[in-house]
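Report on the following structure.
For this chain, numbers begin at 1 and follow the sequence in order.
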Amino acid sequence: MIVRNLEEARKTERFVQADSGNWDSTRLVLASDNMNHSFHITRIYEGTETPIHYKHHLETVYCIEGEGEVETVADGKIWPIKPGDVYVLDKHDQHLLRASKTMTLACVFYPAITGTEKHREDGSYAPADEA
């Protein structure tokens, strides 16, 4: 069994801040935990827009608090996001994530990430076998 505390994990290397200054993420479950997925608590900061394109990962995102929107780049469709909403990037959707109020999100990635990935210029992480 694995038990971790969010606030304690934020004091370790599991806490990652974006170079852009748009978000931070605490990676509570990673590839090294051998769970085939990873689980993160991510904060998207108020007033930011973050381009993301997980070409090699699927992601499910649940909004715990805050407000914003997610836009799919391919068709320009925009969905408001508020507490209680979930969005699923089931087609490696290139998207823009905007926060009008800082959003706290619970995120599940498949396959699991290692925790040391950096967003590449196109908004993606490297494939799991390159991480």
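- Looking only at atom types and distance, the side chain of Glu65 has a donor-acceptor partner in the side chain of Thr104 under 3.5 Å away.
- Tyr54 and Trp79 fall within a single hydrophobic cluster, where Ile, Leu, Val, Met, Phe, Trp and Tyr are joined by side-chain heavy atoms under 4.5 Å apart, directly or via other members.
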- Task: Begin with the C-alpha distance, continue with both residues' side-chain angles, and end with the deciding distance and a verdict on side chain to side chain contact (heavy atoms under 4.5 Å, CB included) for Arg4 and Arg14.
- Result: CA-CA 11 Å; Arg4 292 196 175 99; Arg14 289 179 177 271; 3.0 Å; yes

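- With hydrogens and angles ignored, the 3.5 Å screen pairs no side-chain donor or acceptor of Thr60 with any backbone N or O of Val88.
- Residue Leu30 forms a side-chain contact (heavy atoms from CB on, under 4.5 Å) with just one option from Asn34, Leu28, Asp33, and that option is Asp33.
- Between Ile78 and Val70 the shortest side-chain heavy-atom distance does not fall below 4.5 Å.
- Taking every heavy atom of both residues into account, Gly76 and Glu71 meet most closely at CA-OE2, 3.6 Å.
- Proximity of Ile64 to Ile41: side-chain heavy atoms (C-beta onward) are separated by under 4.5 Å at one or more points.
- Distance check, rounded to the nearest 0.5 Å: CD1 of Ile44 to OG of Ser100 gives 12.5 Å.
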Start with the C-alpha distance between Thr72 and Gln94, add both sets of side-chain angles, then the distance that settles side chain to side chain contact (heavy atoms under 4.5 Å, CB included), and finish with yes or no. CA-CA 6 Å; Thr72 48; Gln94 183 177 8; over 6 Å; no

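- The aromatic rings of His95 and Tyr87 stand perpendicular to each other, their planes meeting at an angle above 60°, with 30° marking the opposite boundary.
- Contact check for Val108 versus Glu59: no side-chain heavy atoms found under the 4.5 Å cut-off.
- Closest non-hydrogen pair, Ser25 versus Thr42, comes out as OG-OG1, 2.9 Å.
- Between Leu96 and Arg98 there is a side-chain heavy-atom pair separated by less than 4.5 Å.
- Within the 3.5 Å criterion, the main-chain N or O of Ala112 finds no donor-acceptor partner in the side chain of His37.
- Contact of the Glu13 side chain with the Phe15 side chain is not registered, since no non-hydrogen atoms from C-beta on lie closer than 4.5 Å.
- At a threshold of 4.5 Å between non-hydrogen side-chain atoms, the residues Tyr62 and Leu105 do not count as touching.
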Next item on the list: Walk me through it: do Val16 and Asp24 pass the test side chain to side chain contact (heavy atoms under 4.5 Å, CB included)?
Entry: CA-CA 6 Å; Val16 176; Asp24 67 54; over 6 Å; no

Query raised in the report: Which is it for Tyr45 and Arg43 under the side chain to side chain contact (heavy atoms under 4.5 Å, CB included) test, yes or no, and what are the steps along the way?
Result: CA-CA 6 Å; Tyr45 303 140; Arg43 295 180 290 203; 4.2 Å; yes

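- Contact annotation: the side chain of Glu69 never approaches that of Leu97 to less than 4.5 Å [non-hydrogen atoms, C-beta and beyond].
- The side-chain heavy atoms of Trp23 and Thr48, taken from C-beta on, include no pair separated by under 4.5 Å.
- A donor-acceptor pair under 3.5 Å is formed between the side chain of Ser38 and the backbone N or O of Ile113.
- Nearest approach of Glu49 to Asn22, heavy atoms of both residues: O-ND2, 2.9 Å.
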Check: Where do His40 and Phe109 land on the ring pair (Phe, Tyr, Trp, His ring centres under 6.0 Å) test, with the steps shown first?
Finding: CA-CA 8 Å; His40 319 164; Phe109 279 83; 4.8 Å; yes

Any chance you could lay out the salt bridge (Lys or Arg N to Asp or Glu O under 4.0 Å) test for Asp93 and Lys77, step after step, and finish with the verdict? CA-CA 12 Å; Asp93 312 75; Lys77 190 165 183 179; over 6 Å; no

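- Separating the OG1 atom in Thr12 from the CZ atom in Arg27 is a distance of 11.0 Å, to the nearest 0.5 Å.
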